[in-house]
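Position 1 is the first residue of the sequence; numbering continues from there. Just so it is clear, the structure is predicted and the values come from calculations on it, not from any experiment.
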Amino acid sequence: MMGTNGVQYQYQYQYASFAGNSGMAYGYRRNESFLDHATEFGKAMVEISVEFGKGCRDIVWQSLGREDTYLGREFRRIKGPCAKFCAKLRFFNEYLPEDKDPLHAWLVICFVSVLALAVLCVTTESNTSATPLIKKVFLHPASADRLLLPDGRYMAYREQGVPVDRARFSIIAPHTFLSSRLAGIPGLKNSLLEEFGICLLTYDLPGFGESDPHPSRNLESSALDMLFLASSVGVNDKFWVLGYSSGSLHAWAALRYIPDRLAGAAMFAPMVNPYDSMMTKEEQRGTWEKWTQKRKLMYFLARRFPRLLVYFYHQTFLSGKHDQIDKWLSLSVGKRDRAMIEDPIYEEFWQRDVEESVRQGNAKPFVEEAVLQVSNWGFRLADLKLQKKQRGRGILNWLKSMLIGDLEEYTGFLGPIHIWQGMDDRVVPPLMTDFVHRILPGAAVHKLPYEGHFTYFYFCDECHRQIFTTLFGTPKGPLNNTIETIEADQTLIEVDREEEEEVNLVDSTID
């Protein structure tokens with residue numbers, strides 16, 4: 001049967017599609033897919049959620065919103081004052097569109113205001129905590145004084161304080177890992193050096209800054225470089241050596257290989273070989289547990305697989321970008337050290353020092369420095385200990401003892417050794433200094449409560465004055481006339497003459 005409505009044709013077609021073999025249609029039926037089931041399920045869940053919400057609303061209203069409840073009574077109590085307050089603010093409705101319900105309009109305004117305030121707070125917080133701009137390493141023009149070493153290398157050095165010929169005291173300070181001659185004593189004022197009559201000499205280690213690399217350097221060659229620097233600039237008297245952190249291993253080498261040229265040593269948080277066999281298990285454990293896992297890995301690679309260090313160095317301080325020292329060297333620092341390294345004054349100093357240190361862009365000097373620290377030094381700290389020299393056997397030694405007498409001969413370093421150690425230092429833990437003091441009991445250890453690795457040595461005028469007073473006593477200024485210089489030279493000549501006469505006497509007797 002066909003009607004005038006086009007829908008009947010559709011229904012007839014659908015009926016026929018469901019007809020059996022006999023040609024009879026049993027009724028309209030549509031195939032249902034998985035999407036249809038999911039849609040119906042979603043509609044049912046929405047309806048259930050709406051009804052559940054309405055039920056919760058009714059429960060809350062019956063429990064709290066009715067007039068016989070506590071909130072209802074409180075609302076009735078403040079309803080009058082609120083109505084009066086709203087009546088006073090009703091004139092604001094005049095600024096609303098006439099076709100808008102005031103209640104609806106003010107709700108929208110409040111919602112938009114709260115949303116804008118939240119966005120503003122989030123934006124402000126993100127701006128304050130944004131990552132600072134990464135600065136690139138700048139290559140400065142060469143400006144160092146350089147001297148030619150006997151093996152043909154050039155050494156860059158820096159001279160601070162009074163001139164060498166007028167200095168009462170001369171100090172040579174080898175720099176630390178990832179540093180340069182520009183470091184010295186950070187923040188040290190030139191006026192303080194002049195007050196004590198000090199000439200401070202710093203230099204670039206081989207391959208650092210503007211110094212040429214050494215083809216096969218070791219700690220002995222480092223000590224000889226220091227000796228030649230002193231002789232080249234005119235330091236005729238004995239000089240002091242200053243070692244800070246990892247730069248102390250070169251100061252230890254000077255005490256071992258050129259002790260006759262040293263007047264004393266000043267150490268600040270001195271590093272030693274962390275694999276030293278003379279360290280007890282407690283000292284090793286107390287030292288290693290203060291370090292980060294990455295720093296432990298760096299020491300392990302330097303000892304076993306030093307070539308792998310090249311990759312890590314190119315990812316950090318040789319990447320051409322600046323960063324903080326604790327991130328580059330994997331250091332764990334305390335609160336006071338953290339405040340120090342985040343100070344703009346320190347940051348400016350650190351970046352300039354790093355730029356000079358990595359000037360040559362070569363990872364090999366840094367790998368050599370890391371290997372020197374954890375490998376065999378060629379001597380032990382016990383060799384620096386002041387002790388009586390055992391006399392040898394034989395006729396010559398017997399004759400020598402008869403002529404010289406019973407004068408005792410000593411081995412080790414005869415001069416004073418001062419060590420300053422911060423008790424909150426996590427870069428060079430205090431247990432490492434305790435180990436040094438156990439091996440060298442004659443060293444004077446100055447323990448600094450609440451001080452870290454950087455706080456006492458860096459940018460502290462009072463600390464620098466205390467250091468020089470401890471080492472040199474009352475300041476007397478530079479040698480300001482030739483009389484003092486002549487007297488000092490005459491004393492040295494007399495001492496050398498006496499030593500020469502003793503040697504000649506011994507040689508003539510033996511002959």
Neighbour count >12 (heavy atoms, 6.0 Å) for atom CG, Leu139: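 Yes, CG of Leu139 has more than 12 neighbouring heavy atoms, counting only those of other groups under 6.0 Å.
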Sort and list the pairs that fulfil salt bridge (charged side-chain N to carboxylate O under 4.0 Å, His left out) and have at least one residue in residues 268-281, not counting sequence neighbours. none
So if I apply the side chain to side chain donor-acceptor pair (under 3.5 Å) rule between Asp225 and each of Arg217, Arg153, His250, which one comes out positive?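 When side chain to side chain donor-acceptor pair (under 3.5 Å) is applied between Asp225 and each of Arg217, Arg153, His250, only Arg153 qualifies.
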Is a donor from one side chain sitting under 3.5 angstrom from an acceptor on the other, for [X] and [Y]?
X: Tyr299; Y: Gln373; result: yes
X: His322; Y: Glu347; result: no
X: His453; Y: Asp337; result: no

Quick check: closest heavy atoms across Ala173 and Leu200, and the distance to 0.1 Å?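 That would be CB-CD1, 4.3 Å.
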Taking every non-hydrogen atom, the tightest pair across Ser143 and Glu210: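 Heavy atoms of Ser143 and Glu210 come nearest at N-OE2, 3.0 Å.
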Heavy-atom donor-acceptor pair, [X] side chain to [Y] backbone, under 3.5 Å:
X: His175; Y: Leu205; answer: yes
X: Asp323; Y: Thr316; answer: no
X: Ser180; Y: Leu182; answer: yes
X: Trp291; Y: Val427; answer: yes
X: Thr292; Y: Ser330; answer: yes

Exercise answer: donor-acceptor pairs, residues 429-437 side-chain atoms, under 3.5 Å, sequence neighbours excluded:
{"from": "Thr433", "atom 1": "OG1", "to": "Gln421", "atom 2": "OE1", "distance (Å)": "2.4"}
{"from": "His437", "atom 1": "NE2", "to": "Ala443", "atom 2": "O", "distance (Å)": "3.3"}

